[in-house]
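One structure is given here, and the rest of the page talks about it.
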Amino acid sequence: MTLSECLKRISDLPDLDKRIIVKEVCNLSDADLIIHKDREITDSECKTILSYAEKRRTGTPLAYILGHWGFRYNTFITPEGVLVPRPDTEVLVESVLKCSFSKSSIRILDMCAGSGCIGISCALELAEKYPQMNIELHLSDLSPVAFDCFSKNAKMLIHSSRIKVFTHKGNLFEVFENTDCKFDLIVTNPPYIPSSVIPTLDKAVQCEPILALDGGESGLEFIEREIEDIPCHLTEDGIVFMEIGYDQGLAVSALFKASGFENTEIIKDYGGNDRVVKASYK
Ligand code: GLN
């Protein structure tokens, strides 16, 4: 069977999905896809393409079907059970990179790390921006699947001796409760969707772990608990970057203010929606 014949059998899928599936299974580049449309593909390649397409039709996100997904400059493994890295979340990392850090060594915490895409990207990109900087990266999540996933991603992507990685399994700041471990940078994408909104979300999002999405009745339950504990674990000149829902900017900034953070800033995503709150004491 030729590639174009196989593509006809999945013609009901959106073009982008089709291209991503075929490129992955047949190990082709974008250019190959155009040039080699009449290329013969093997029966096993065709079978895999059809089975991936079937999974896609039932709503499974491509990131779970392929087992990996791109975020910033890297590809992260993304098994079912961790949140799929989003382009909007890249804004958080971009905002971190816009800050200037003057210390020669910084300690970063990615709380609710999921795949680890935020913390790992921040550590890698900061290490590149500051060639003398030593980084301690802590990744933490309650979910065992997330713990396994970010541990693997960190091992796979971090090779610099200037970045030391520490992984934790636990609920919010629980694992740091009896330590005097303070962070210079806290990055976090906590679950923030109100419980009642979850059933109305896209089919693909419904496949993602509820634990990573559900922010309780108000959507702010995790965020509130997290912000309450942050002051015990942030250095005096530390900065927090928290991903939020499009309508939570003011509420979350107010929570930070109530916790003593004088400086708060709401940052928009590429779609023009409020997406990140940046907070610091001064
Ligand atoms: N930090 C991960 C991400 O942004 C996971 C977030 C979560 O599980 N709530 O993709």
Side-chain angles (χ1 to χ4, degrees), residues 61-64 66-97 108-125 137-154 157-158 165-173 183 185-195 197-198 201-202 204-216 219-227 230 240-246 248 252 267 269-270 273-278:
L62 278 171
Y64 294 159
L66 308 181
H68 56 83
W69 205 241
F71 182 84
R72 298 289 289 181
Y73 303 106
N74 289 291
T75 300
F76 291 77
I77 60 161
T78 49
E80 263 181 68
V82 299
L83 201 74
V84 175
R86 308 287 205 269
D88 283 338
T89 304
E90 297 197 9
V91 166
L92 192 157
V93 179
E94 199 177 278
S95 311
V96 168
L97 266 292
I108 306 174
L109 169 64
D110 181 351
M111 177 60 83
C112 307
S115 63
C117 63
I118 299 178
I120 294 171
S121 301
C122 286
L124 288 171
E125 293 181 41
L137 171 66
H138 292 252
L139 299 160
S140 180
D141 203 294
L142 175 64
S143 144
V145 184
F147 178 82
D148 185 55
C149 176
F150 64 59
S151 304
K152 285 187 181 143
N153 277 324
L157 296 168
I158 297 180
V165 181
F166 299 82
T167 54
H168 311 274
K169 196 188 306 170
N171 196 7
L172 296 174
F173 284 99
F183 299 93
L185 173 64
I186 297 181
V187 288
T188 178
N189 180 10
Y192 56 71
I193 299 173
S195 309
V197 175
I198 307 257
L201 297 174
D202 194 76
V205 183
Q206 309 268 1
C207 295
E208 298 189 68
I210 186 101
L211 196 67
L213 298 167
D214 192 341
L220 296 170
E221 277 175 27
F222 269 86
I223 290 184
E224 275 166 8
R225 275 198 269 153
E226 210 177 342
I227 293 180
I230 283 176
V240 185
F241 288 84
M242 178 180 281
E243 180 165 327
I244 52 152
Y246 70 96
Q248 295 171 337
V252 173
I267 299 161
D269 61 24
Y270 306 121
N273 293 312
D274 291 353
R275 186 58 59 203
V276 173
V277 171
K278 172 182 173 187

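Remember, it's 1-based here, ligands and their atoms both numbered in the order they're listed. On a predicted model such as this, the values are computed, not experimentally measured, just so you know.
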Using a 4.0 Å cutoff against the non-hydrogen atoms of [X], which atoms of ligand 1 qualify?
| X | result |
| --- | --- |
| T89 | 4 (O) |
| I118 | 1 (N), 4 (O) |
| C117 | 3 (C), 10 (O) |
| G114 | 5 (C) |

Work out which heavy atom in Y192 is nearest to a heavy atom in E243; give both atom names and the distance.
OH-OE2, 2.8 Å
Mind listing the closest non-hydrogen atom pair of P209 and Y64 along with its distance?
CD-OH, 3.4 Å
Given that the side chain starts at C-beta and the backbone is N, CA, C, O, which of these parts of A113 lies under 4.0 Å from ligand 1, counting heavy atoms, or is it both or neither?
backbone
Do any N or O atoms from the side chain of Q206 and from the backbone of L201 form a donor-acceptor pair under 3.5 angstrom?
yes
Would you check if the side chain of Q248 reaches a backbone N or O of I193 as a donor-acceptor pair within less than 3.5 Å?
no
Based purely on interatomic distance, does C112 place a nitrogen or oxygen under 3.5 Å from a nitrogen or oxygen of ligand 1?
yes
re atom 9 (N) of ligand 1, the protein heavy-atom contact at minimum distance is N189 O, 2.7 Å
Starting from atom 8 (O) of ligand 1, what is the nearest protein heavy atom, named by residue and atom, and what distance separates them?
A212 CB, 3.2 Å
Take atom CZ in F166; do more than 12 heavy atoms of anything else shown fall under 6.0 Å from it?
yes
Test side chain to side chain contact (heavy atoms under 4.5 Å, CB included) applied to S115 and N153, L83, I120, the passing residue:
N153
